[in-house]
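Order of the sequence lines sets the chain letters (A, B, ...), proteins ahead of strands, with each chain counted from 1.
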Amino acid sequence: MLAIFAVLKFRHMFNKRVRIKELLSNESANYQATVMGWVRTFRNSQFIALNDGSTNNNLQVVASLGEFDEPTLKRLTTGACIKVTGEVITSLGKGQKVELKASSIEILGDSDAEKFPLQPKKHSLEFLREIAHLRFKTNTFGSVFRVRHSLAFAVHKFFNDKGFVYLHTPIITASDAEGAGEMFKVTTFPLDGTAPKNEDGSINFKEDFFGRSTNLTVSGQLEGELAAMAFSDIYTFGPTFRAENSNTTRHLAEFWMIEPEVAFNDLEDNMNLAEEFIKYVIKYAIDHNKEDIEFLAQRLEEEEKQKPQNERNEMTLMEKLDFVVNNNFERLTYTEAIEILKESNHNKKKKFQYLIEGWGADLQSEHERYLVEKHFKKPVILTNYPKDIKSFYMRMNEDGKTVAAMDILAPGIGEIVGGSQREERLDRLTERMNEMKIPAEELNWYLDTRRFGSCPHAGFGLGFERLVQFVTGMGNIRDVIPFPRYPKSAEF
RNA sequence: UCCUCCUUAGCUCAGUUGGUUAGAGCAUCUGACUGUUAAUCAGAGGGUCUCCCGUUCAAGUCGGGAAGGGGGAGCCA
């Protein structure tokens, strides 16, 4: 037994390192340790600020004068990767409690200081976006992506703890009838015009890889409903794709979506689930990534100082998150929202670009922002929208005019959740599909849910990147996904 | 896709009514110093002013077009 342990121990020699986060949180001193990481700065030919991505806090490595040769010291440039062994001691300087007094320094990877684009100074987010393959090495993106990880983990923990089944819905789909947006085509046909054609000149997809026209998914909802009709409680969490020519701070062509679907839930259950879910994952991030969120909050505060007084946020990032976790979301119907907007001074003084005149129109983002940021100053759940501005699968209300839909609007980013109670009555559903010219034959499999043991059910979709934006305070959605895809951009 | 603003050194930005050799801070390099905290001090190198066309004796500066980027809108998550 002992021998086995010894072998295992030696086999992992190279990785017998201490993470910097652990080393710094353990305040004891006077022990030997090995660390590996990347040089942030090298000051005074003696002090290396070393970072390994476990935290934004750097470990101060001391290379005492005269103990290391000049060629080695020359290679301690910003960005270089090194392995250091030495003694952890109580720091002789003031900026940190402990530091590592190096006895050996090994250069694992050089970094040419004249060519390495990251410097020990502030960079603009636009510049870092151009070098997205290197931006993980900065404090801001270190924090953003550690928070993103925590939120993703919390998503699974929340649903798993509630007994939901995590369902993997297909990324390549055949249905293009959902109307959720423009789709990316998936084909193995050549693009030089030689693809097989039908007599009328259209492409003959019968000869394509799947024997039919296929696309990248825009939503896993319809497939999710199939599984909810058997498991009762399911959720999906995966990539979705929209080929819309959207150039905004809150749209991506490739983004991750969370879509729970729950049998026997009505609209109110659905709202309760969504609200509980959002609060849970935010709380999880606060509890597990306090340092990162505080760093991002400070970054945001400095950014805010550049803005004129009236455009600044009243709350800090941490206050905003605490507020969301500890307060109920405001719930009101579309009809009530229209009344509030119509009677608002903003509307009467004609400050809206699109004035609210009556019932039935879709809300513009200026209206959503007014409700969330000016009127209620908290997240808002809007329900029971006019049927004409919503999807075919949403459940018709008794009034025959509205559907059991709900949108959750968050301060700063707008719509974060879109959901509904689904239309479980086959006759009503097919009627709506006819009205909206949705080809029922193509969705026969979907309609089977209503033919064989249909039941009331509800679900929602939550844009994961918008959630990450909300929690990190990042203004542009392109900065909360590692490798953003958007019109004219698919680098890395 | 529409509206709007921007593009000058590796980065962040100045650049006057069009006028000689286009500047600063940071970064980089060289040297000094050595318990520093985005170290400090001294010096040096670094520019096809995004590209194309035009107006002019003369364009970084004015006009037109293109490309790229930011912000806003629409579509939505």
Side-chain angles (χ1 to χ4, degrees), chain A residues 40-50 57-66 73-74 77-79 89 91-96 99 101 111-131 138-139 178-182 218-221 239-259 274 306-307 311 352-354 362-369 389-391 407-410 413-419 460-470 475-481 486-489 491:
Chain A
R40 284 284 173 85
T41 62
F42 182 35
R43 287 185 298 270
N44 222 342
S45 309
Q46 268 187 93
F47 305 101
I48 304 163
L50 194 69
N57 299 317
N58 301 321
L59 171 68
Q60 171 149 294
V61 173
V62 184
S64 300
L65 285 174
L73 295 177
K74 281 264 179 246
T77 54
T78 299
I89 59 169
S91 180
L92 304 176
K94 281 190 178 146
Q96 56 283 315
E99 61 192 22
K101 189 171 158 42
S111 174
D112 185 338
E114 283 195 70
K115 291 180 183 150
F116 186 56
L118 295 172
Q119 302 154 8
K121 58 166 281 190
K122 280 215 165 65
H123 291 292
S124 68
L125 294 174
E126 292 81 24
F127 171 65
L128 292 172
R129 210 171 292 148
E130 287 170 22
I131 51 165
T138 65
N139 282 340
E178 294 164 49
E182 287 296 309
V218 292
S219 160
Q221 182 200 316
T240 45
F241 308 86
R242 304 277 164 91
E244 303 283 350
N245 190 8
S246 296
N247 294 286
T248 79
T249 53
R250 56 190 186 285
H251 289 87
L252 289 165
E254 176 181 286
F255 65 100
W256 287 64
M257 191 150 62
I258 295 142
E259 296 178 287
Q306 314 290 320
K307 292 186 192 167
E311 285 176 29
F352 286 129
Q353 201 185 335
Y354 297 90
D362 209 349
L363 298 179
Q364 305 292 320
S365 54
E366 60 175 340
H367 305 133
E368 297 179 349
R369 291 183 81 105
I389 57 172
K390 288 291 178 183
S391 304
D407 282 359
I408 301 185
L409 312 175
I413 46 178
E415 187 176 345
I416 192 167
V417 164
F460 61 86
L462 182 143
F464 185 59
E465 282 73 21
R466 290 191 182 171
L467 177 70
V468 181
Q469 263 191 293
F470 186 73
N476 195 318
I477 201 165
R478 296 164 186 180
D479 295 329
V480 299
I481 188 167
Y486 49 95
K488 301 278 179 291
S489 180
E491 223 184 324

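- In this model, a side-chain donor or acceptor of A/Glu99 finds a partner on the base of B/G35 within 3.5 Å.
- Applying the 3.5 Å distance criterion, the base of B/U40 shares no donor-acceptor pair with the side chain of A/Asn44.
- Here the nucleotide nearest the side chain of A/Leu65, chosen from B/U34, B/C11, B/G71, is B/U34.
- Look at the P atom in both B/G15 and B/C6: the space between them is 12 Å, to the nearest Å.
- Using atom C1' as the reference point in both B/G43 and B/G35, the two lie 26 Å apart (nearest Å).
- Comparing B/U17 with B/A39, their C1' atoms are spaced 45 Å from each other, to the whole Å.
- Candidate nucleotides B/U28, B/C75, B/G70 were compared by shortest atom distance to the side chain of A/Thr78, and B/U28 ranks first.
- Taking atom CZ on A/Arg43 and atom P on B/C26, their separation rounds to 17 Å, with Å as the unit.
- Nearest heavy-atom pair, A/Gln469 versus A/Gly475, reported as atom, atom and distance to 0.1 Å: NE2-O, 3.1 Å.
- As the counterpart of B/G60, no nucleotide is assigned, since no Watson-Crick or G-U wobble pattern has both distances under 3.5 Å.
- Taking every side-chain heavy atom of A/Asn247 into account, B/A73 is the closest of B/A73, B/A38, B/A77.
- Residue A/Glu244 has its side chain nearest to B/C75 when only B/C75, B/C26, B/U34 are considered.
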Derivation and outcome, side-chain contact (heavy atoms from CB on, under 4.5 Å), residues A/Phe47 and A/Val62 = CA-CA 5 Å; A/Phe47 305 101; A/Val62 184; 4.1 Å; yes
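- For A/Phe127 and B/U12, the CZ to P distance is 6 Å, given to the nearest whole Å.
- Below the 3.5 angstrom threshold, one finds a donor paired with an acceptor across the side chain of A/His251 and the base of B/C76.
- Neither OP1 nor OP2 of B/C76 sits under 4.0 Å from any side-chain N or O of A/Ser246.
- Nucleotides B/A14 and B/A73 place their P atoms 26 Å apart, quoted to the nearest Å.
- Separation of the P atoms belonging to B/U50 and B/U16 is 14 Å when rounded to the nearest angstrom.
- Using atom C1' as the reference point in both B/G63 and B/A44, the two lie 41 Å apart (nearest Å).
- Counting to the nearest Å, the P atom of B/A73 and the CD atom of A/Gln364 are 10 Å from each other.
- Base-pair partner of B/C26: B/G10 (Watson-Crick or G-U wobble, both distances under 3.5 Å).
- Among the candidates A/Thr249, A/Asn247, A/Thr248, the single residue satisfying the side-chain hydrogen bond (donor to acceptor under 3.5 Å, both in side chains) test with A/His251 is A/Thr248.
- Taking only side-chain atoms of A/Val62, from C-beta outward, the nucleotide of B/A39, B/C76, B/G35 with the closest atom is B/G35.
- The P atoms of B/U61 and B/U48 are separated by 16 Å, rounded to the nearest whole Å.
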